[in-house]
Amino acid sequence: DGGITQSPKYLFRKEGQNVTLSCEQNLNHDAMYWYRQDPGQGLRLIYYSQIVNDFQKGDIAEGYSVSREKKESFPLTVTSAQKNPTAFYLCASTDRDGRNTIYFGEGSWLTVV
Amino acid sequence: GDSVTQMEGPVTLSEEAFLTINCTYTATGYPSLFWYVQYPGEGLQLLLKATKADDKGSNKGFEATYRKETTSFHLEKGSVQVSDSAVYFCALKGSGKSTFGDGTTLTVKP
């Protein structure tokens with residue numbers, strides 16, 4: 001079945017560490033997104049990519065970095081510059097037709113310890 | 001820019017009650033409209049969508065009609081079940097990025 005796979009499901013980060021969240025899709029979608037969701041809150045866009053080797057900052061990009069070397073993969077790195085990284089992170093994708101559905105992964109929980 | 005405003009929660013209903021969650025939007029052009037559902041600890045799943053004015057999206061007993069004149073896409077269900085307890089997000093997709101509402105938490109009690 002086609003879909004989006006995020007890993008790990010749970011991740012713990014020590015102060016000063018960088019951590020990377022994986023996102024892989026086999027839907028052949030051009031566009032991919034990373035969202036952050038805090039408990040009881042809505043979604044906030046971190047980064048998005050509409051094509052390989054290109055990506056743009058979303059609304060809360062500070063302290064995060066991404067790469068898009070392959071169409072299937074869009075990893076998110078949470079750097080030590082992100083001072084409050086504890087949250088639920090959602091990866092999503094959609095095809096180039098801008099009217100189509102967004103598909104989401106199951107999410108990754110990141111906790112600072 | 002585009003925006004979505006949905007009814008604040010939480011909403012608590014008894015089983016078999018009627019559900020309405022209001023959603024209004026601001027957008028240029030003719031966006032597609034969506035309702036997504038999120039169960040605890042999971043990602044969002046598409047519940048239903050409508051791509052043009054007067055279209056009705058429906059799924060699992062939920063319905064929403066694309067009303068361009070009132071810029072609304074209200075979610076309704078005639079008889080809710082305990083298993084419908086979740087967070088519901090209204091969203092739109094125009095020529096730019098998708099825009100999501102803040103979500104409405106629904107709790108259905110037996």
* B:L44 CG to A:T101 OG1 distance, which is reported to the nearest 0.5 Å ->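 The OG1 atom of A:T101 is 12.5 Å from CG of B:L44, to the nearest 0.5 Å.
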* How long is the gap from CG on B:L46 to CZ on A:F104, to the nearest 0.5 Å? ->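 So the gap between those two atoms works out to 10.0 Å.
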Might you confirm whether atom [atom1] of [X] has over 12 heavy atoms from other residues, nucleotides or ligands at distances under 6.0 Å?
X      : atom1 : value
B:D102 : CG    : no
A:Q17  : CD    : yes
B:E16  : CD    : no
A:K57  : NZ    : no
B:E69  : CD    : yes

* In one Ile/Leu/Val/Met/Phe/Trp/Tyr side-chain cluster, 4.5 Å: A:V78, A:I60 ->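 Hydrophobic grouping puts A:V78 with A:I60.
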* Connected via hydrophobic side-chain network under 4.5 Å: B:V4 and B:Y66 ->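 Both belong to a single hydrophobic cluster.
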* Specify the closest pair of heavy atoms between B:K97 and A:Y48, including all atoms of both residues, with the distance to one decimal. =>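 Scanning both residues, the minimum pair turns out to be CD-CE2, 3.3 Å.
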* **Atom group of B:Q38 that falls short of 4.5 Å from chain A, counting heavy atoms** =>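 For B:Q38, the side chain is the part near chain A, not the backbone.
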Is it the backbone or the side chain of [X] that comes under 4.5 Å from a heavy atom of chain B, or both, or neither?
X     : result
A:Y35 : side chain
A:Q41 : backbone
A:L45 : side chain

* Asked: Pick from B:G41, B:G101, B:S98: which one has the most heavy-atom pairs with chain A under 4.5 Å?
  ->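 Heavy-atom pair counts peak at B:G41.
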* To do: Take B:V87 and A:Q37 through the side chain to side chain contact (heavy atoms under 4.5 Å, CB included) test and state the conclusion after the steps.
  => CA-CA 12 Å; B:V87 181; A:Q37 186 178 30; 5.7 Å; no
* Do B:F100 and A:I102 have side-chain heavy atoms sitting under 4.5 Å apart? ->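 SC-SC contact between B:F100 and A:I102 confirmed.
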